[in-house]
**Student:** 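The structure is given below, and queries will be raised subsequently.
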Amino acid sequence: MRAESIDAIILPSSDPHGSEYVAPHWRVREWISGFTGSAGTAVVTLNEAALWTDSRYFLQAERQLSSSWTLMKDGLADTPSITDWLLRKLSSANGRVVAVDGMVMNYSEVTALQTALRRIGVSVRTNYDAACMLWKDRPALPKSEIYAIPETEAGESVTSKLNRIREVMRQEHCDAHVVTDLMSIAWTLNLRGNDVPMTPVFISYLVITLDDATLCCNGYLTNEAQKQLSDAGVKVSSYLSPLTSPLSPLTFDLRLSTSRILIDPDTANYTLYNKVKEQAVASPSPIISFKAVKNETELAGFRQAMLYDGVAMVRFLRWLIPAVEAGGETEISVSNKLEALRRENPHCLDLSFGTISGYNAHGAIVHYSATPETDAPLRPEGLLLVDSGAQYDCGTTDITRTIALGPLTDEMKRAYTYVLKANIALATRQFPDGINGTQVDAIARSEVWQGGYNYLHGTGHGVGWRLCVHEGPHAIRLDWRPAPLHAGMVVTDEPGIYLEGKFGIRTENMMEVVNVNGNFIKLHPLTLCPIDMTPIEWSMLRADEVAWLNDYHQHVRESLLPLLTDEGDRQWLIDSTPTMA
C-alpha cells in the first residue's frame with residue numbers, strides 16, 4: 001500500500017457478478033481476514049484493520065478474527081458505516097487514496113463511495129487487486145462443465161425466455177441487455193454448472209440484443225448445451241480473465257452499434273458498467289422478477305424434491321436420538337450422517353449450502369459452521385439446531401429443525417414455543433396480492449416479541465429452482481424490501497430465538513405463495529418433515545395453532561408414509577406426528 005500510495009483498501013466478499021456465494025478464486029476477504037462467513041467486508045488502512053458483517057455472523061467473526069482485527073457489527077446503531085469510518089480515519093489530510101477492485105464492487109457502491117470521500121479530498125482508485133500480487137497460492141478461475149436443463153424439466157424454452165426479456169427491452173427502448181448475475185444467466189439459458197460449491201452456476205456474462213445473444217463463459221459446454229444455445233440463436237464467446245477488462249470485444253461492439261444498453265448499476269461491477277455508462281439505461285434486469293415466479297413445472301419439481309428430502313430427514317431424525325444416547329456423536333458426525341442419507345438418493349446432486357449443526361450454545365451462532373476445533377460432542381440433553389438442504393435434479397431444499405436431545409430447561413421450552421407460534425402465524429395468515437415482505441415480517445416477529453425476544457436475521461428468503469438457496473428480489477425482512485409477493489414464488493418461513501452462550505432455536509419450512517380468492521395470497525408449506533413436539537409448552541398454544549400443527553403433520557404423514565420402505569421409519573413417523581387435542 002505504501003509503495004502504491006494507498007491509504008486504505010476495501011475488500012468485499014463478492015465476485016465480478018455480485019454473487020453471495022463465490023468461487024474460491026474470489027474469496028479475498030476470507031484469505032486476508034480468516035473470517036469464513038459468506039457476508040462481510042474487510043477494510044485495511046496503514047495501521048488498522050476492520051471487518052463489517054451482519055448479525056448472522058457476529059459470534060463466528062469474534063471467534064475467527066485475530067487481535068489484529070476490529071469487528072464492526074453491521075446493523076447496530078453504534079456501528080459506523082464503512083464510509084463514515086473512512087471519513088473519520090482519513091480526514092486529517094488531503095490527497096488520501098482509498099483503493100478498491102472495480103471488478104468486485106458494483107457501480108452504485110463505488111460511485112457512492114467516491115461522492116462521500118470527495119468531500120474530504122479523498123480519491124478512490126478503482127483498479128487495485130491486492131490479491132493478484134500477494135495471494136501466492138490463489139486458486140485459479142473456475143472452469144467446470146456446463147450442462148443443459150431440458151425444456152421438459154425447466155418448464156419453458158430458452159427462446160421463450162429470451163422473447164420475454166426482449167419485450168421488456170423494447171418497452172424500455174433498449175437495443176441490448178448486459179446480464180452479469182450468474183443465477184439469471186443460468187435461468188435464462190436453461191444451463192447449470194459447478195463453478196461455485198453447492199450453487200449450480202457457471203462463471204459468465206450474457207449479452208442479449210433484439211436479434212441475438214452472446215454467452216461469455218469459461219467452462220466446457222456439453223454437446224446438449226451447445227445445441228440448446230444454437231437452437232435459441234445464442235453465440236458463445238470466451239470469459240476474460242479478471243485481470244483484464246470484462247467483455248472487452250463485446251463492449252467495444254456495443255458502444256459502436258447500440259444506443260441504449262439495459263444494465264443494472266446495483267449489480268454490474270464498476271469496471272463493466274463504467275465501459276458503457278454513456279449509453280446505459282440503469283434498471284434492474286427483468287430476469288430477476290421473471291425467475292422469482294416459478295412455473296408449474298418448477299413448482300412440481302420443488303414438491304418432488306421435498307418428498308426426497310422428507311424421507312432423508314425422517315431417517316435422520318429417527319436415527320439421531322438413539323445415536324446420541326449411545327454416545328460418540330458430535331456436531332460434525334451428525335451433519336455427515338444427514339448428508340450421507342441425502343446422497344443415498346440418486347437424484348441428490350449436492351448440498352445446497354454447508355450444513356449448520358449447532359448444539360446448545362453453538363446454536364446461538366446463526367450461521368455456525370462446526371470445525372474440528374469447535375466440534376462439540378452431543379449429550380442426551382439440550383437442543384440441537386440443524387439447518388440444511390440439498391440440490392436435487394428436480395429442485396432445491398432448505399429446512400431447519402431444532403431437536404430436543406433430552407431434558408430441557410423451562411426457558412428452552414418457552415423460547416421454542418414462541419418460535420413455533422411465529423412460524424405458524426406466518427403460515428396461517430392471508431395477505432393482499434402484491435404486498436411486500438417487510439409489511440408481513442411483523443406477523444411472525446411479533447410472536448417472539450411477546451416473549452421479550454427478537455432476532456436480527458430475516459424471517460424468510462426466496463429460493464431458486466436448482467439454483468442458489470438464497471434468491472431475490474423478494475424477502476420477508478424487518479428492513480425495507482419493496483419487492484412484491486405474488487403467487488408462484490417460493491419463500492422460507494424461519495423465525496428464531498438466539499441466546500448467546502445458551503442455545504439457539506429456529507424452525508424453517510419452505511413455502512409456496514398461493515392464490516386465495518383471487519386478490520389475496522397465503523403461504524402453503526412445501527417442506528415435509530415433522531416438527532419436534534417434545535419441547536412445546538402446550539399451554540402457550542391456542543386451539544387454532546394446535547389445529548394447524550395437526551393438519552401439517554397429517555400432510556407430512558400422508559405424503560411420506562408411502563415412500564418409507566423400512567417399517568421402523570414408518571412407525572417413527574406415525575409416532576412423531578400424533579393428532580393433539
**Student:** Determine whether the side chains of Lys161 and Asn190 contain a donor N or O and an acceptor N or O closer than 3.5 Å.
**Tutor:**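 Per modelled atom types, Lys161 and Asn190 side chains form a pair under 3.5 Å.
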**Student:** Would you call the rings of Tyr57 and His367 parallel, tilted or perpendicular, taking 30° and 60° as the class edges?
**Tutor:**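 Geometry flag for His367 against Tyr57: perpendicular rings.
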**Student:** Can you tell me how far CD of Glu508 sits from CD of Glu494, rounded to the nearest 0.5 angstrom?
**Tutor:**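 Output value for this atom pair is 3.5 Å.
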**Student:** Contact between Thr199 and Leu467 at the side-chain level, heavy atoms closer than 4.5 Å - yes or no?
**Tutor:**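 Side-chain contact under 4.5 Å: no.
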**Student:** State, yes or no, whether a side-chain contact exists between Leu341 and Trp319 at a heavy-atom distance under 4.5 Å.
**Tutor:**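 The answer is no, as the side chains (C-beta and beyond) never meet within the 4.5 Å cut-off.
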**Student:** For residues 495-504, run the donor-acceptor check on the side chains, cut-off 3.5 Å, and write out each pair with its distance to 0.1 Å, sequence neighbours left out.
**Tutor:**
residue	atom	partner	partner atom	Å
Tyr498	OH	His457	NE2	2.7
Tyr498	OH	Arg506	NH1	2.8
Lys502	NZ	Glu411	OE1	3.3

**Student:** Between Leu426 and Ala444, what is the shortest heavy-atom contact and its length?
**Tutor:**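 Between these two residues, the closest heavy atoms are CB-CB, 4.2 Å.
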**Student:** Is there a donor-acceptor contact under 3.5 Å linking the side chains of Tyr392 and Asp309?
**Tutor:**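 Judged by distance alone, the side chains do pair up.
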**Student:** Give the minimum heavy-atom separation between Ala404 and Leu408, together with the two atoms involved.
**Tutor:**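 That would be CB-CD1, 3.8 Å.
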**Student:** Between Glu109 (side chain only) and Asn106 (backbone N and O only), is there a donor and an acceptor less than 3.5 Å apart?
**Tutor:**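 Judged by distance alone, yes, a pair lies under 3.5 Å.
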**Student:** Show the numbers, then the answer: is there a side-chain hydrogen bond (donor to acceptor under 3.5 Å, both in side chains) between Glu156 and Thr297?
**Tutor:** CA-CA 9 Å; Glu156 185 178 6; Thr297 303; over 6 Å; no
**Student:** Could you report the tightest heavy-atom contact between Gly458 and Arg477, atom names first, then the distance?
**Tutor:**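 Shortest heavy-atom contact: N-NH1, 3.5 Å.
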**Student:** Examine distances only and state if a side-chain atom of Ser576 and a backbone atom of Trp572 form a donor-acceptor pair shorter than 3.5 Å.
**Tutor:**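 It does hold such a pair.
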**Student:** For Tyr308 and His347, take the angle between the two ring planes, folded into 0 to 90°, and tell me which bin it lands in: parallel under 30, tilted 30 to 60, perpendicular over 60.
**Tutor:**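 Tyr308 and His347: parallel rings.
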**Student:** So, His486 and Asp433: side-chain donor and acceptor under 3.5 Å apart, yes or no?
**Tutor:**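 Yes, because at least one side-chain N or O of His486 sits under 3.5 Å from a partner of the opposite role on Asp433.
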**Student:** Answer yes or no: is there a donor N or O on one side and an acceptor on the other, between the side chain of Arg481 and the main chain of Gly437, under 3.5 Å?
**Tutor:**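 Not confirmed, Arg481 side chain does not pair with Gly437 backbone.
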**Student:** Considering non-hydrogen atoms only, spot the tightest contact between Tyr359 and Glu331 and give its length.
**Tutor:**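 So the two residues come closest at N-OE2, 2.9 Å.
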**Student:** Do Thr417 and Glu537 meet the criterion of a side-chain donor-acceptor pair at a distance under 3.5 Å?
**Tutor:**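 Note: Thr417 and Glu537 side chains miss the donor-acceptor criterion.
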**Student:** Could you please spell out the steps behind the side chain to side chain contact (heavy atoms under 4.5 Å, CB included) verdict for Ile287 and Asp181?
**Tutor:** CA-CA 10 Å; Ile287 301 171; Asp181 174 65; over 6 Å; no
**Student:** Strictly distance-based, threshold 3.5 Å: is any side-chain N or O of Thr330 a donor or acceptor partner for the main-chain N or O of Ser333?
**Tutor:**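 Side chain of Thr330 to backbone of Ser333, a donor-acceptor pair under 3.5 Å: yes, one is there.
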**Student:** Would you indicate whether the side-chain heavy atoms of Asp264 and Pro284 approach each other to under 4.5 Å?
**Tutor:**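 Pro284 vs Asp264: side chains touch.
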**Student:** Kindly compute the distance separating CG (Asp569) from CG (Leu564), expressed to the nearest 0.5 Å.
**Tutor:**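 If we round to the nearest 0.5 Å, Asp569:CG and Leu564:CG are 5.5 Å apart.
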**Student:** Looking at Ile443, is its backbone amide N or carbonyl O close enough to the side chain of Ser446 to form a donor-acceptor pair, meaning the two atoms are under 3.5 Å apart?
**Tutor:**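 Between the backbone of Ile443 and the side chain of Ser446 there is a qualifying donor-acceptor contact (under 3.5 Å).
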**Student:** Measuring from Lys413:NZ to Ile505:CD1, what's the distance to the nearest 0.5 Å?
**Tutor:**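 That separation rounds to 12.0 Å.
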**Student:** Dump the intermediate steps for side chain to side chain contact (heavy atoms under 4.5 Å, CB included) on Ser33 and Leu65, then the final yes or no.
**Tutor:** CA-CA 7 Å; Ser33 70; Leu65 293 175; 4.1 Å; yes
**Student:** Just do the side chain to side chain contact (heavy atoms under 4.5 Å, CB included) check on Arg414 and Met540 with the steps written out, would you?
**Tutor:** CA-CA 8 Å; Arg414 286 195 303 272; Met540 294 172 56; 4.1 Å; yes
**Student:** Within a strict 4.5 Å, meaning less than it, do heavy atoms of the Val546 and Arg542 side chains meet?
**Tutor:**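 Of all side-chain heavy-atom pairs linking Arg542 with Val546, none is under 4.5 Å.
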**Student:** Less than 4.5 Å apart, side chain to side chain, heavy atoms only: is that true for His461 and His474?
**Tutor:**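 The answer is no; the side chains never approach within 4.5 Å.
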**Student:** Does NZ or CZ of Arg445 fall inside the cone over Tyr455's six-membered ring, less than 6.0 Å from its centre and within 45° of the axis?
**Tutor:**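 Checked: cation-pi criterion met.
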**Student:** Can you measure from CG (Leu526) to CG (Asp398) and round to the nearest 0.5 angstrom?
**Tutor:**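 Result: 12.0 Å between the selected atoms.
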**Student:** Taking Ile185's backbone N and O only, do any of them form a donor-acceptor pair with Thr188's side chain (distance below 3.5 Å, no angle check)?
**Tutor:**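 No, Thr188 side chain to Ile185 backbone: no donor-acceptor pair under 3.5 Å.
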**Student:** Are a donor atom and an acceptor atom from the side chains of Glu567 and Gln571 found within less than 3.5 Å of each other?
**Tutor:**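 The criterion, which ignores hydrogens and geometry beyond distance, is not satisfied for Gln571 and Glu567.
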**Student:** Hey, what do you get for OG1 (Thr492) to CD1 (Ile399), rounding to the nearest 0.5 Å?
**Tutor:**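 Separation between the atoms: 12.0 Å.
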**Student:** Are Lys73 and Glu62 ion-paired here, with the side-chain N under 4.0 Å from a carboxylate O?
**Tutor:**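 Yes, Lys73 and Glu62 are salt-bridged.
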**Student:** For the backbone of Ala39 and the side chain of Thr53, can you confirm whether one donor and one acceptor N or O come within less than 3.5 Å of each other?
**Tutor:**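 Yes, Thr53 side chain to Ala39 backbone: donor-acceptor pair under 3.5 Å.
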**Student:** Distance alone, cut at 3.5 Å: any donor-acceptor contact between the side chains of Thr79 and Asp74?
**Tutor:**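 The criterion, which ignores hydrogens and geometry beyond distance, is not satisfied for Asp74 and Thr79.
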**Student:** Should we say atom CG of Asp544 is surrounded by more than 12 heavy atoms from elsewhere, each under 6.0 Å from it?
**Tutor:**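 Above 12, so yes.
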**Student:** Can a donor-acceptor pair be found between the side chains of Glu512 and His524 at a distance below 3.5 Å?
**Tutor:**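 Looking only at side-chain atoms, His524 and Glu512 do not form any donor-acceptor pair under 3.5 Å.
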**Student:** Do the side chains of Ser352 and Met198 get nearer than 4.5 Å, heavy atoms only?
**Tutor:**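 Side chain of Met198 against side chain of Ser352, heavy atoms only: no contact under 4.5 Å found.
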**Student:** Would you compute the distance between atom CG of Leu385 and atom OG of Ser357 and round it to the nearest 0.5 angstrom?
**Tutor:**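 Rounded to the nearest 0.5 Å, the CG-OG separation comes out at 8.5 Å.
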**Student:** Indicate whether any N or O donor in one side chain lies under 3.5 Å from an N or O acceptor in the other, for Ser13 and Glu30.
**Tutor:**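 Side chains of Ser13 and Glu30: no pair found under 3.5 Å.
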**Student:** Without swapping roles, check the side chain of Asp387 against the backbone of Ile356 for a donor-acceptor pair under 3.5 Å.
**Tutor:**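 Not a single qualifying donor-acceptor pair exists.
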**Student:** Does any donor atom in the side chain of Ser388 or Arg342 lie under 3.5 Å from an acceptor atom in the other side chain?
**Tutor:**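 Side-chain D/A pair, Ser388 to Arg342: present.
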**Student:** Is the centre of the Trp85 ring less than 6.0 Å from the centre of the Trp52 ring?
**Tutor:**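 Yes; Trp52 has its ring centre under 6.0 Å from that of Trp85.
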**Student:** Is the shortest distance from a Lys or Arg side-chain nitrogen in Lys294 or Glu471 to a carboxylate oxygen in the other one below 4.0 Å?
**Tutor:**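 Judged by the 4.0 Å cut-off on N to carboxylate O distance, Lys294 and Glu471 do form a salt bridge.
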**Student:** May I ask you to decide whether Arg466 forms a salt bridge with Glu153, counting only side-chain N to carboxylate O separations under 4.0 Å?
**Tutor:**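 Judged by the 4.0 Å cut-off on N to carboxylate O distance, Arg466 and Glu153 do form a salt bridge.
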**Student:** Is there a side-chain hydrogen bond (donor to acceptor under 3.5 Å, both in side chains) between Thr438 and Asp441? Walk through the geometry before answering.
**Tutor:** CA-CA 5 Å; Thr438 304; Asp441 178 84; over 6 Å; no
**Student:** Provide the closest heavy-atom pair for Cys529 versus Arg401 in the form atom of the first, atom of the second, distance.
**Tutor:**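 In this case the closest contact between Cys529 and Arg401 is O-NH2, 2.9 Å.
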**Student:** Just checking, any donor-acceptor pair under 3.5 angstrom between side chains of Thr577 and Arg557?
**Tutor:**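 Yes, because at least one side-chain N or O of Thr577 sits under 3.5 Å from a partner of the opposite role on Arg557.
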**Student:** For Trp548 and Tyr552, I'd like to know if the aromatic rings sit close, meaning centre-to-centre distance below 6.0 Å.
**Tutor:**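 Here the rings of Tyr552 and Trp548 have centres that are less than 6.0 Å from each other.
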**Student:** Report yes or no: is the cationic atom of Arg29 (NZ for Lys, CZ for Arg) under 6.0 Å from the centre of the six-membered ring of Phe35, at an angle within 45° of the ring normal?
**Tutor:**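 No cation-pi geometry.
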**Student:** Between Leu528 and Ser559, what is the shortest heavy-atom contact and its length?
**Tutor:**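 What the structure gives for the nearest pair is CD1-CB, 3.8 Å.
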**Student:** Do Asn423 and Thr507 pair up side chain to side chain, a donor and an acceptor below 3.5 Å, judged on atom types alone?
**Tutor:**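 The criterion, which ignores hydrogens and geometry beyond distance, is not satisfied for Thr507 and Asn423.
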**Student:** Please confirm whether the backbone N or O of Gly18 pairs with a side-chain atom of Asp15, one donor and one acceptor, at under 3.5 Å?
**Tutor:**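 At least one qualifying donor-acceptor pair exists.
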**Student:** Give a yes or no answer on whether the side chain of Asp195 reaches the backbone of Phe202 with a donor-acceptor pair at less than 3.5 Å.
**Tutor:**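 Between the backbone of Phe202 and the side chain of Asp195 there is no qualifying donor-acceptor contact (under 3.5 Å).
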**Student:** Take Val491 and Asp493, measure what side chain to side chain contact (heavy atoms under 4.5 Å, CB included) needs, and give me the verdict at the end.
**Tutor:** CA-CA 7 Å; Val491 67; Asp493 177 2; over 6 Å; no
